[in-house]
Q: 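Pasting in a structure now, in structure tokens, and then I'll have a few things to ask.
A, B, ... follow the sequence lines: proteins, then strands. Residue 1 opens every chain. Treat the numbers as computed from the prediction; the structure is a model and nothing was measured.
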Amino acid sequence: MASVCPDAWIAILQEISAAFCHSFLFSSCAAPCGEKNILVSLPRIGNAADMRIVTWNINSLRLRMPLLARLCQDTSPDLVCLQETKVPDALFPLADVRALGFEHVVFRGMKGYNGVAILSRQPVTVLEETPDWCEKGDCRHIAVRHGTGVNAIDVHDFYVPAGGDVPDPVENPKFAHKLAFVEEARAWFSARDMRRTVLVGDLNIAPLEQDVWSHKQLLRIVSHTPAETERLLAWQQTGFIDAMREFVPPDEKLYTWWSYRNRDWSASNRGRRLDHVWVTPDLRPALRGMEVLRAARDWEKPSDHVPVLIDIDG
DNA sequence: ATGGTAGAACGTCTA
């Protein structure tokens, strides 16, 4: 068993035992750090956004089908990118998904773990040239082209490996896999000439200091180590901008995930921004709005991730 | 050295 430094364990314990230290919590992070709740119905943000994309690590599509229905009713997305569907292709609930208004559905799943899917109202074509990342046969990436001609938008949906608990690639093969995956993705995207491209998903890395509840205490926690954040930013810099941070400045807290192992996720608010929306710079002027659907963390039987929504003008 | 919760699937892995 590998050893983890005491600071790291303290951070983990604080993340999960909020009930015992309320006074500290409220002094360190009294309000929900500026994050807004989305309550019921969400109008299109700004003017005439032509494309609304929602990305969500749903943590079992079949279990949370009712929550997906609610999400789609509340936000009317054009495109939904899911991760951790945890359903083999043969068991994919295609009819249920189509009943939500998504006639065009692509998915890549396997038994038990992983799995990605893209749901669309309009026709999409699968971008078939995507690699078998780390040659593992995992179902962690699917990409489509939405629309045609000059208005087409390519959308990549990623589920990056979580990486286990020990932030050492020698002792922990899962961490080594995570680093290799991100490096491979960086290399692949750096060789592409990208236009009108959106990349979303659970990237399982919180790259900025304000993407975690305590930068200092999470520096040695998997998801926020320099080895990960440096590689993630190198991947991003192959041709993307961080679209969520176009709307929320980098010095403000922004989270999309709160551990299940926490008595009161909202009061302690020990979150991390593990889910991301990146766009190529040609789409920057088309960005109309972004929301982290924080209220979804309190839905019945919630995922530990909440959906992130982005509005892009034609 | 450790524990907490959740999901797929029914023992144990993964997050």
Side-chain angles (χ1 to χ4, degrees), chain A residues 1-22 25 55-68 82-93 107-117 133-134 136-141 158-168 171-179 181-182 201-206 212-213 217-218 220-225 228 255-276 296-306:
Chain A
M1 176 62 182
S3 65
V4 176
C5 79
D7 281 352
W9 282 112
I10 288 166
I12 292 173
L13 288 167
Q14 287 181 342
E15 214 167 74
I16 66 182
S17 60
F20 303 110
C21 44
H22 271 292
L25 294 172
T55 177
W56 190 21
N57 178 322
I58 194 170
N59 187 17
S60 174
L61 172 58
R62 286 175 291 177
L63 188 70
R64 278 183 247 289
M65 199 65 212
L67 300 192
L68 178 64
L82 300 174
Q83 306 88 36
E84 281 208 271
T85 54
K86 293 186 177 175
V87 57
D89 289 348
L91 299 177
F92 191 93
F107 44 87
R108 192 167 281 164
M110 57 197 287
K111 189 177 175 183
Y113 319 106
N114 308 331
V116 286
W133 303 101
C134 301
K136 283 188 167 285
D138 282 351
C139 299
R140 297 182 176 276
H141 178 211
F158 270 97
Y159 175 54
V160 169
D165 288 331
V166 179
D168 179 338
E171 293 189 39
N172 174 10
K174 290 186 212 165
F175 193 71
H177 175 216
K178 182 178 196 175
L179 297 183
F181 187 103
V182 175
D202 175 6
L203 306 185
N204 263 318
I205 298 172
V212 292
W213 59 273
Q217 286 178 273
L218 290 178
R220 301 190 65 159
I221 300 296
V222 171
S223 75
H224 194 60
T225 66
E228 296 165 89
Y255 312 141
T256 65
W257 173 90
W258 293 262
S259 174
Y260 281 127
R261 307 172 187 177
N262 195 322
R263 300 255 172 98
D264 186 340
W265 72 274
S266 184
S268 59
N269 198 28
R270 295 197 154 131
R272 309 179 198 171
R273 185 170 68 119
L274 303 181
D275 303 273
H276 296 270
R297 190 61 180 76
D298 270 333
W299 288 350
E300 192 179 348
K301 297 277 284 177
S303 169
D304 46 355
H305 296 253
V306 298

Q: Can you tell me how far C1' of B/dA15 sits from NZ of A/Lys178, to the nearest Å?
A: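 It works out to 10 Å between those atoms.
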Q: Round to the nearest Å and state the distance from A/Gln83 atom CD to B/dG7 atom P.
A: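 Between P of B/dG7 and CD of A/Gln83: 17 Å.
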Q: Which part of the nucleic acid does A/Arg297 contact within heavy-atom distance under 4.0 Å: base, sugar-phosphate only, or nothing?
A: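 Answer is nothing: A/Arg297 stays at 4.0 Å or more from every strand.
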Q: Measure the distance from CZ on A/Arg272 to C1' on B/dA15 and round it to the nearest whole Å.
A: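 Taking CZ of A/Arg272 and C1' of B/dA15, I get 11 Å after rounding.
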Q: Roughly how far apart, to the nearest Å, are B/dA1 and B/dA15 at atom P?
A: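 The same atom, P, in both gives a distance of 25 Å.
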Q: Specify the separation, in whole Å, of atom OH of A/Tyr159 and atom C1' of B/dT14.
A: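 That distance rounds to 8 Å.
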Q: Taking only the P atom of each, what is the distance from B/dA8 to B/dG4 in whole angstrom?
A: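 Taking atom P in both B/dA8 and B/dG4, they lie 22 Å apart.
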Q: Kindly point out which of B/dA8, B/dC13, B/dA15 is positioned nearest to the side chain of A/Tyr113?
A: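 When the side chain of A/Tyr113 is considered, B/dC13 is the closest of B/dA8, B/dC13, B/dA15.
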Q: Tell me the interatomic distance from A/Phe181, atom CZ, to B/dA15, atom P, rounded to whole angstroms.
A: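 Rounding to the nearest Å, CZ of A/Phe181 and P of B/dA15 are 12 Å apart.
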Q: Between A/Asp202 and A/Pro302, who's closer to the 5' end of DNA chain B by nearest nucleotide?
A: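 Upstream on the strand: A/Pro302.
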Q: According to the interplanar angle, ranging from 0 to 90°, do the rings of A/Phe158 and A/His141 count as parallel (below 30°), tilted (30 to 60°) or perpendicular (above 60°)?
A: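 It falls in the parallel class, under 30°.
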Q: Counting only distance, no hydrogens or angles, is the base of B/dA8 paired donor-acceptor with the side chain of A/Arg62 under 3.5 Å?
A: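 It does not, because no donor-acceptor pair links the side chain of A/Arg62 to the base of B/dA8 below 3.5 Å.
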Q: Between B/dT2 and B/dA6, how far apart are the two P atoms, rounded to whole Å?
A: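 That atom pair is separated by 23 Å.
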Q: Starting at the 5' end of DNA chain B, which residue's closest nucleotide do you reach first, A/Arg64 or A/Arg140?
A: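 The residue mapped nearer the 5' terminus is A/Arg64.
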Q: Please report the distance, rounded to the nearest Å, between CG in A/Asn262 and P in B/dG3.
A: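 A/Asn262 atom CG is separated from B/dG3 atom P by 18 Å.
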Q: Classify the side-chain pair A/Asp298/A/Trp265 by whether it contains a donor and acceptor separated by less than 3.5 Å.
A: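 Note: A/Asp298 and A/Trp265 side chains meet the donor-acceptor criterion.
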Q: So A/Trp213 and A/Asn269, do their side chains get closer than 4.5 Å, heavy atoms only?
A: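 A side-chain contact under 4.5 Å is absent here.
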Q: In whole Å, what is the span from the CG atom of A/Leu67 to the C1' atom of B/dG7?
A: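 In whole Å, B/dG7 C1' and A/Leu67 CG are 14 Å from each other.
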Q: Is the shortest side-chain N/O distance from A/Lys301 to OP1 or OP2 of B/dA6 below 4.0 Å?
A: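 It does not, given that no N or O in the side chain of A/Lys301 lies less than 4.0 Å from OP1 or OP2 of B/dA6.
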Q: Can you tell me the distance, in whole Å, between the NE2 atom of A/His305 and the C1' atom of B/dT5?
A: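 Distance, rounded to whole Å: 13 Å.
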Q: Quick one: list whatever passes salt bridge (Lys or Arg N to Asp or Glu O under 4.0 Å) with A/Arg140, sequence neighbours left out.
A: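 Testing A/Arg140 for salt bridge (Lys or Arg N to Asp or Glu O under 4.0 Å), a comparison that skips the adjacent residues, returns A/Asp138.
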Q: Mind checking the CZ-NZ spacing from A/Arg64 to A/Lys86? Nearest 0.5 Å is all I need.
A: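 If I round to the nearest 0.5 Å, the distance is 8.0 Å.
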